[in-house]
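The analysis underlying the following values was restricted to heavy atoms, covering all of them including side chains, and did not include hydrogens, waters or symmetry mates. Every chain is numbered from 1, with letters handed out A, B, ... down the list of sequences.
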2 protein chains.
Amino acid sequence: MPTSTFFNLNDSKRAKLLQAAEKEFARAPLPQASIANIVKLAGVSRGSFYQYFNGKEDAFYYLLKIHTDKRRAYFLKLLQEKDGDLMASMDQVFRTMLIELSEEEHLQFLKNAVLNVTHEIEDSFTELFLGKQPEVDAVNQVKDLVDFKKLNIDNKQEFFHVMQILTSVTFRNIVDQLSRNLSHEKAIENFRIEMDLLSKGLSKVKKQV
Amino acid sequence: MPTSTFFNLNDSKRAKLLQAAEKEFARAPLPQASIANIVKLAGVSRGSFYQYFNGKEDAFYYLLKIHTDKRRAYFLKLLQEKDGDLMASMDQVFRTMLIELSEEEHLQFLKNAVLNVTHEIEDSFTELFLGKQPEVDAVNQVKDLVDFKKLNIDNKQEFFHVMQILTSVTFRNIVDQLSRNLSHEKAIENFRIEMDLLSKGLSKVKKQV
DNA sequence: ATTGACTTATGACATCGTGTCACTTAATAT
DNA sequence: ATATTAAGTGACACGATGTCATAAGTCAAT
């Protein structure tokens with residue numbers, strides 16, 4: 001997390017910093033991004049940067065958090081609109097992200113993040129759907145919106161794992177689309193196949209209705 | 001891939017290089033690992049290193065390939081032993097990796113890889129199960145061993161996606177165990193729950209038997 | 001044994017990036 | 001007005017990367 005000094009800054013300076021950081025992380029993925037470029041873009045000294053952030057990772061994850069927070073709000077809104085239909089909401093989130101990520105410029109930052117996922121980054125995407133792990137409230141926030149009647153689960157603990165599975169698969173589909181440059185149509189088809197498989201189950205065992 | 005010069009080296013020198021690289025990548029994850037340390041350990045000059053490898057990434061991914069090739073062979077052997085039972089084989093692979101990764105020293109390299117997954121690294125784990133993408137033969141190699149009667153799929157295309165799903169979920173379970181320091185018991189329980197969910201399906205829809 | 005063509009090895013070097021620190025400047029409180 | 005605290009600065013030490021001119025080794029053909 002950025003320091004209190006950073007949050008004490010006036011809005012325009014803070015915005016300028018973030019804008020500069022996002023631009024640099026859009027230019028190059030985290031390991032290749034340079035603080036020198038960020039401070040040049042933001043017009044502050046190198047020393048200042050270290051007074052605001054712990055290092056470039058700090059700035060990067062903060063930016064990522066801002067982005068995923070936005071998308072989480074969207075996901076929650078979708079769940080409400082779709083009367084708690086989890087699969088339908090995931091589907092919509094996937095489609096929206098495909099479109100967003102294909103819009104040049106703006107989302108290059110996210111592309112770089114997605115194409116250089118570390119487990120921290122994947123975790124942050126998991127938080128998109130589940131909220132921060134330690135706060136169980138966030139899981140509940142989603143759980144309360146989901147219509148369980150449509151899901152094939154016996155107990156509440158399983159719900160957490162359902163979300164884990166859906167997140168992994170959705171996330172990998174997004175990575176795939178970007179790393180293999182799939183067309184939207186192909187990406188959506190792949191995703192649909194996998195979601196169908198997840199819905200109906202991979203094994204041939206009798207299922208209660 | 002390493003250069004031909006590297007492969008022309010005599011066995012002992014090649015082994016020494018790889019050993020040195022593995023030791024350094026065990027000490028620190030890819031971004032923090034340094035070529036200086038590798039060449040010091042291997043007792044060669046900096047220039048030589050660049051004659052063998054394109055950079056540290058090159059050495060890293062080559063090492064990773066060696067490791068995953070070994071595990072792929074193990075996976076194929078399991079499939080045969082278990083009469084093509086895919087879920088049972090995945091389960092066994094997961095348990096074996098848990099144990100291997102808990103053995104200190106040796107596997108620190110893999111731990112560092114797993115905890116700093118990039119999509120390239122995850123891809124390389126996917127290859128563990130599916131073989132290299134371009135060579136469809138490799139997918140077939142697995143497909144031929146799998147008992148389809150136990151699986152709930154209609155066509156062969158779906159099989160590829162089944163593998164993708166199983167790989168994502170298995171991989172994330174391994175990352176989880178390492179990054180959250182779960183006990184083996186807890187990790188195995190989580191994995192079992194998710195595999196059960198995958199088997200029986202996430203949604204309440206009638207399934208043909 | 002000598003030549004010469006080719007392959008392999010070397011380490012100094014230019015370049016760039018990071019994180020720190022002693023110091024200055026600004027803001028705020030007393 | 002002065003003291004105290006916060007914010008801002010850029011030179012610097014350190015370490016890493018990739019290159020390159022040059023040296024050393026190998027080996028087949030003469």
Side-chain angles (χ1 to χ4, degrees), chain A residues 1-64 109 112-113 116 118 120, chain B residues 1-64 109 112-113 116 118 120:
Chain A
M1 268 287 140
T3 63
S4 59
T5 307
F6 175 74
F7 290 108
N8 287 341
L9 258 35
N10 64 66
D11 290 358
S12 84
K13 188 161 190 180
R14 221 175 37 242
K16 197 164 181 187
L17 254 315
L18 289 179
Q19 208 184 330
E22 177 148 353
K23 190 158 181 184
E24 174 63 2
F25 291 128
R27 184 193 65 80
L30 186 48
Q32 278 78 50
S34 100
I35 293 171
N37 283 334
I38 297 177
V39 299
K40 204 184 299 169
L41 284 169
V44 301
S45 72
R46 182 171 192 76
S48 289
F49 182 88
Y50 281 95
Q51 215 134 33
Y52 307 143
F53 303 103
N54 233 322
K56 59 182 175 181
E57 290 78 11
D58 196 15
F60 180 84
Y61 288 114
Y62 180 62
L63 272 177
L64 191 59
F109 161 71
N112 277 336
N116 294 272
T118 61
E120 284 101 345
Chain B
M1 269 287 140
T3 63
S4 59
T5 307
F6 175 74
F7 290 108
N8 287 341
L9 258 36
N10 65 64
D11 290 357
S12 84
K13 189 163 187 178
R14 222 176 35 244
K16 196 164 181 188
L17 254 316
L18 289 178
Q19 207 184 331
E22 179 148 352
K23 189 158 182 186
E24 174 64 2
F25 291 128
R27 184 193 65 80
L30 186 49
Q32 278 78 51
S34 103
I35 293 172
N37 283 334
I38 297 177
V39 299
K40 204 184 298 169
L41 285 169
V44 300
S45 72
R46 182 170 192 76
S48 289
F49 182 88
Y50 281 95
Q51 214 133 36
Y52 307 144
F53 303 103
N54 234 321
K56 61 181 175 180
E57 290 78 11
D58 196 15
F60 179 84
Y61 288 114
Y62 180 62
L63 272 177
L64 191 59
F109 162 71
N112 277 336
N116 293 273
T118 61
E120 284 99 345

Rounded to the nearest Å, what distance is computed from the CG atom of residue A/Asn54 to the P atom of nucleotide C/dG19? 9 Å
Rounded to the nearest 0.5 Å, how far does CZ of A/Arg46 lie from CD1 of A/Ile38? 10.0 Å
Can you tell me how far CG of B/Leu30 sits from CZ of B/Phe25, rounded to the nearest 0.5 angstrom? 5.5 Å
Let me know the distance between OH of B/Tyr50 and P of C/dA12, rounded to the nearest Å. 16 Å
Please tell me whether B/Tyr61 and B/Phe53 form a close aromatic pair, meaning their ring centres lie under 6.0 Å apart. no
Would you kindly give the CZ-to-P distance between B/Phe7 and C/dT7, to the nearest whole Å? 18 Å
Could you check if a side-chain atom of B/Phe6 sits within less than 4.5 angstrom of a side-chain atom of B/Phe49, using non-hydrogen atoms only? no
Can you tell me the distance, in whole Å, between the CZ atom of B/Phe53 and the C1' atom of D/dT19? 18 Å
If I take atom CG from residue A/Leu17 and atom OH from residue A/Tyr52, how far apart are they, to the nearest 0.5 angstrom? 6.0 Å
Output one line per pair: protein atom, nucleotide atom from nucleotides 6-11 of chain D, and distance, for all N/O pairs under 3.5 Å.
residue: D/dA7; atom: OP1; partner: A/Asn8; partner atom: ND2; Å: 3.3
residue: D/dA7; atom: OP2; partner: A/Thr5; partner atom: OG1; Å: 3.2
residue: D/dG8; atom: OP1; partner: A/Lys13; partner atom: NZ; Å: 2.8
residue: D/dG8; atom: OP2; partner: A/Tyr52; partner atom: OH; Å: 2.6
residue: D/dG8; atom: N7; partner: A/Gln51; partner atom: OE1; Å: 2.7
residue: D/dT9; atom: OP2; partner: A/Ser45; partner atom: N; Å: 3.2
residue: D/dT9; atom: OP2; partner: A/Ser45; partner atom: OG; Å: 3.4
residue: D/dT9; atom: OP2; partner: A/Ser48; partner atom: OG; Å: 2.9
residue: D/dT9; atom: O5'; partner: A/Ser45; partner atom: OG; Å: 3.4
residue: D/dG10; atom: N7; partner: A/Gly47; partner atom: N; Å: 3.4

Protein-nucleotide distance (A/Glu24, atom CD; C/dC16, atom P), rounded to Å: 14 Å
Is the distance from the ring center of A/Phe7 to that of A/Tyr62 below 6.0 Å? yes
What nitrogen or oxygen pairs link the protein and nucleotides 21-28 of chain D at under 3.5 Å?
none

B/Lys40 has an atom NZ; how far is it from atom P of D/dT17, in whole Å? 12 Å
Mark yes when over 12 heavy atoms from residues, nucleotides or ligands other than B/Gln19 sit less than 6.0 Å from its CD; otherwise mark no. no
Rounded to whole Å, the NZ-P distance (A/Lys56 to C/dC16) equals 15 Å
Do side-chain atoms of B/Glu22 reach the backbone of B/Leu63 as a donor and acceptor pair under 3.5 angstrom? no
In this structure, OH of B/Tyr50 is separated from CG of B/Asp58 (nearest 0.5 Å) by 11.0 Å
Could you tell me the separation between the CZ atom of B/Phe6 and the P atom of C/dT8, rounded to a whole number of Å? 13 Å
